[in-house]
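This report refers to the structure that appears directly beneath it.
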Amino acid sequence: MHIPPFDNANRAIIDTDDRRVPLNYFNIVKLESGQAFDYRVPGYETCVVPATGTVDVVVEGVEFAGIGNRTVDVWDGEPEGVYVPSGARATIVAMSETAEVFIAGARFSKTLEPFAVRQDEIDLVQYGSDDTKTHRKIKHILGTKYHDKVGRLLVSELFTVGQGGWSGFPPHKHDTDRQPDETRHDETYNFRFRPAHGFGMQLVQREDGRVGDAYHIVDGSTIILDKGYHPCVVAPGYEMYYFTILGGLFQRSLVQYFQPDHAWQIETIPGIKDMIAKFK
């Protein structure tokens, strides 16, 4: 499903127990210098990631100062974040002139410890190629290195490299718990484009082979994925970014199932097997 960009007034875009993606939570918070935003999400662990701006984050009295270093847009520097345990109270305070902050969440009942992820701790994967039209870069904020510190939440930023091309290809899905072949993970995206008037398309292909759905995505679009194969593409001449939230039903590690007709292309895309391994 596509949610066009709108002014959410700092209220959750995907709230708790959403019938479509009950394992996800997503909010975008916009603040001016000195403004604070308090939140608590019972039953969901969350991660605070500034899209732009710098914030201080206080989690149950523990302070993490100077989170975020990007000013112009999401291409302007490396991401940083703060893990907020399930049900913990957090306060975000804008330390820059303005700040736009993503809050990503996944359903999880246990309470762990908060921690910060700084730019030099990001787990980077780059794969694909210009020739295969699949060249992209993934910056894992809460990736595999935090399996022992996080419950079921995976948070990443994905960038197309160059202008135009496919992402999430070959088509894959993760809507059914049938291990070891596939895990159930709900997924939510928020897209950005450079230049901002760029656009792309999100496909959701049905497992039974019937014609699926195509969504026209623009700067600020939110996509929620509860089922189906879901590649996306950006138009030539534009760069695409999407903030990615994954929440698992029973586990954190993601096992993707590739559409059988196209799975052979895993062998043709440079580095894709490393990408797959980084989600496990």
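From a predicted model like this one, the values you see are computed outputs, not experimental measurements.
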One pair to check against salt bridge (charged side-chain N to carboxylate O under 4.0 Å, His left out): K273 and E267. What are the steps and the verdict? CA-CA 8 Å; K273 292 181 180 179; E267 303 299 330; 3.1 Å; yes
I want to check something: taking the side chain as every heavy atom from C-beta on, are L124 and K137 in contact at a cut-off of under 4.5 Å? yes
Co-membership, hydrophobic cluster, residues I122 and V125, 4.5 Å side-chain: no
Determine whether I103 and F37 make a side-chain contact, defined as any pair of heavy atoms from C-beta on separated by less than 4.5 Å. yes
Between Y127 and I269, is there a side-chain heavy-atom distance shorter than 4.5 Å? yes
Verify same cluster id: I14, I223 (apolar side-chain graph, 4.5 Å): no
Sorted by chain and number, sequence neighbours left out, salt bridge (charged side-chain N to carboxylate O under 4.0 Å, His left out) with E45 holds for none
Are the side chains of K149 and L112 in touch, meaning some heavy atoms are under 4.5 Å apart? no
Charged N to carboxylate O below 4.0 Å: is that the case for D17 and R107? yes
ILVMFWY cluster, F108 and L254 together (side-chain gap under 4.5 Å): no
Contact between Q265 and T132 at the side-chain level, heavy atoms closer than 4.5 Å - yes or no? no
Strictly under 6.0 Å, is that where the ring centroids of H262 and H172 end up? no
Measure centre to centre between the rings of Y146 and Y83, then say whether the value is under 6.0 Å. no
Can you sort out the partners of R206 under salt bridge (charged side-chain N to carboxylate O under 4.0 Å, His left out), two or more places apart, ordered by chain and number? D213
Determine, for R118 against D120, whether the closest basic-nitrogen to carboxylate-oxygen distance falls under 4.0 angstrom. no
Does Y189 reach the side chain of L225, with side-chain heavy atoms less than 4.5 Å apart? yes
Salt bridge (charged side-chain N to carboxylate O under 4.0 Å, His left out) between D131 and K133, worked out: CA-CA 6 Å; D131 289 342; K133 307 296 189 293; over 6 Å; no
For the aromatic rings, using the six-membered ring if either is Trp, is the centroid distance between F243 and F102 under 6.0 Å? yes
Hydrophobic clusters here meaning ILVMFWY residues chained together by side-chain heavy-atom distances under 4.5 Å, can you tell me if V117 and I138 are in one? no
Do R252 and L142 have side chains that get closer than 4.5 Å, going by heavy atoms? yes
Fit a plane to each ring of H197 and Y238, take the angle between them on a 0 to 90° scale, and name the class: parallel (under 30°), tilted (30 to 60°) or perpendicular (over 60°). perpendicular
V218 vs P5 side-chain heavy atoms within contact, under 4.5 Å: yes
